[in-house]
Number of protein chains: 2
Amino acid sequence: MVTLKQLAKELNVSISTVSKALNNSDEIGEETIKRVKELANLYNYKPNKVALSLKQNRTNTIGVIIPDILNHFLAKVLFGIEREAAQHGYNIMTCISNESLKKEKESLQLLANGSVDGFILCLSEETQIKNEIDHFKQTISQGLPIVMFDRVAHDVMCDKVIVDDFDATYRATKNLLNEGRKQLAFISNIYDLSVGKLRERGYQKAILENPELKPVVLNLTKEDNPQETIMAFMKHHKNIDAVIAADSASGVIAINAAVSFGLKVPRDISVVGFASQSVSYHSLPRLTTIRQHAKEIGANAAQMLIKRMQNLNAGHYDFKTKIVKTSLVENGSTL
Amino acid sequence: MVTLKQLAKELNVSISTVSKALNNSDEIGEETIKRVKELANLYNYKPNKVALSLKQNRTNTIGVIIPDILNHFLAKVLFGIEREAAQHGYNIMTCISNESLKKEKESLQLLANGSVDGFILCLSEETQIKNEIDHFKQTISQGLPIVMFDRVAHDVMCDKVIVDDFDATYRATKNLLNEGRKQLAFISNIYDLSVGKLRERGYQKAILENPELKPVVLNLTKEDNPQETIMAFMKHHKNIDAVIAADSASGVIAINAAVSFGLKVPRDISVVGFASQSVSYHSLPRLTTIRQHAKEIGANAAQMLIKRMQNLNAGHYDFKTKIVKTSLVENGSTL
DNA sequence: CTGAAAGCGCTAACAA
DNA sequence: TTGTTAGCGCTTTCAG
């Protein structure tokens, strides 16, 4: 990489003249600016980002820590973050915590050494189970702002972007009840997560409002073969006429299972799931989905963080929690 | 962030003493080292990464440019890269080209200003169509090594990690022929990509080895509703008894379509697709998949890049192309 | 055993 | 209009 020094030498001017010329300072004469710029172009000069960062005490980089990049929702949020960040001239450094508290802490530490100006993150499963939040507080007290999304720690004072999980599931369940469904099952493979619990509670609430109904819940573990377990569950509960899936795979699997039992979807059984558009194509009929607008979540998180990073002096107590509302997309697996 | 300067002041020693003490230099006395380390711990001192980078002219950061993070295969590669990089003490900066040549160029430029020590990337669709490679060559000539994976530019001299697309599809097709299948269709939504072409050629070769067979190919465009298009295709070609899918969605959709037509899978029709384990659960029976070992691809790419970055002086002509072999996982949609 | 000083590439206040 | 200098945080050579 060519440096100011080299340009200066070749032009027989001082380094600062070159610097000023390239920054269009009006201290520098027309002619000089032209000469400098020509040479800079010739050599494809680009200011060294690291030196700039050191000087300005600002990296223009956002640290993103997500628990699992293979989770389609999280990948989509990352996409939203990256796009928004790029539009504002920020880069992102991504770490994957792999649902591990230890890795999450390490990543936070690692990037908090000057590599980034702030964080966007989603708590790891282990962090949520153990409810550890000291590492976040420490990072914030170091002056690095954090924005949490989806799985958030309510006890940490920071900006947050969340989904209306409780309401969305409540409404989806109510919808199914309005279709005339009587035996509604809830299937989830994210029991341990805050969002999983919220979704289950939304379902429970809708069910328990009808005294004659009782909840039927299947929680899948990591070890389960989801297909076999869901099929066994549905065989055991033959009278189920609706399924609410808390995750993206279970809904599709439930539809395929129902079809394999000779049921007609949605005539005999309705299915709704938290899923993306692309996954909905994996069943016939297509899964009716609760869309979480993941990209928007990511974009919102990035916006909030960038705003905060540019206003570090501002009051530290006006933290906001943005709720991105889900929407129900009726794709054919409901009446 | 606390700096060496602050520690030095508080300890009444010089900055360089503190620095040496923290690095366990044997120039410094036991006692001093202890004092320094204690205070550093107390203040949770971490060396400023940016300053280190400037000094050492090395960022320990890898730039990753991928066309689409919502593509499960690419996300998985990214996962593999991140893990391998983290193990070697490298961070990753991720840019998403969105299949656009312009964004790819911009990202490359942006990170080539000192932000990263090298690149791992997968060409955007537009780059492959237009076959533009100057930006890669320029980056390499600036001294930044590149490792390409999956969709690579053969005319660029650099390390590469690819999949045996041609062979894998050829073998998979042969397998289906050995099952006794006679009407084998090839479905793809990645016609424009190098890997899509390779896969189709593998299929074509296997088919054309049998004079009595002729290829039947469906290429989906972005605008198509994959479900409707595949169903229409299968209705039109009623005699199809096997499907090879070049992408992960088409295989699952084909199975579901076949089931909806009342066919038994795999009795009446076999289906094979390039897909991941998790997607294979989205059909009943589960999709028999050609697994690409995406994480391994990522890990290999990271290893190759790290090696190259640590040996920049070494000969620049011994570039390697690593082929990561696919494997066929028979999940139930084939005989 | 400890400290002073130079330098990585850049910007900006101040001098000329 | 241009140049000199200091400094961002750190390492390292060389002096003390």
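Computed from heavy atoms alone, side chains included, the values below leave out hydrogens, waters and symmetry copies. Every value quoted in this text rests on a predicted model; they were computed, and no experiment measured them. Throughout, protein chains are lettered first and strands after them, A, B, ... in sequence-line order, and every chain is numbered starting at 1.
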Comparing A:Leu54 and A:Asp26 on DNA chain D - which has the more 5′ nearest nucleotide: A:Asp26
Under-4.0 Å salt bridge between B:Lys103 and A:Glu82: yes
Atom-pair distance (CD1 on A:Ile28; P on C:dA16), nearest Å: 18 Å
Interatomic distance, A:Arg58 CZ vs D:dG7 C1' [rounded to whole Å]: 17 Å
d(CG, B:Asn12; P, C:dC1) in whole Å: 20 Å
B:Asn24 and B:Lys37 side chains, donor-acceptor separation under 3.5 Å: yes
Nearest-angstrom distance from the residue atom CG of B:Asn57 to P of C:dC10: 11 Å
Overall bend - the helix from C:dC1-D:dG16 to C:dA16-D:dT1, comparing terminal axes fitted on five pairs, nearest 10 degrees: 60°
Ion pair B:Glu106/B:Lys102, N-O distance below 4.0 Å: yes
NZ/NE/NH1/NH2 to OD/OE distance under 4.0 Å, B:Asp192 and B:Arg151: no
B:Lys55 and B:Asn57: side chain donor to acceptor below 3.5 Å: no
For atom NZ of B:Lys9 and atom C1' of C:dG3, their distance in whole Å: 18 Å
Electrostatic pair B:Lys105-B:Glu132, nearest N-O below 4.0 angstrom: yes
Basic-acidic side-chain contact under 4.0 Å: B:Asp150, B:Lys160: no
From A:Leu108, A:Ile66, A:Thr127, residue fulfilling side chain to side chain contact (heavy atoms under 4.5 Å, CB included) relative to A:Leu121: A:Leu108
Atom-pair distance (CD on B:Gln6; C1' on D:dC8), nearest Å: 13 Å
Under-4.0 Å salt bridge between A:Lys130 and A:Glu126: yes
Sugar-phosphate only, base, or nothing, as touched by B:Val13 at under 4.0 Å among non-hydrogen atoms: sugar-phosphate
Touch class at under 4.0 angstrom, heavy-atom based, for A:Thr32 against every strand present: sugar-phosphate
Contact letters for nucleotides 10-16 of chain D, in which S counts primed atoms plus P, OP1 and OP2 and B counts the base, heavy atoms under 4.0 Å: BBBBB--
A:Ser14 OG to A:Leu4 CG distance, which is reported to the nearest 0.5 Å: 10.0 Å
Within residues 106-115 of chain A, residues whose heavy atoms come under 4.0 Å of DNA chain C: none
Under 3.5 Å side-chain donor-acceptor pair for A:Asp117 and A:Thr59: yes
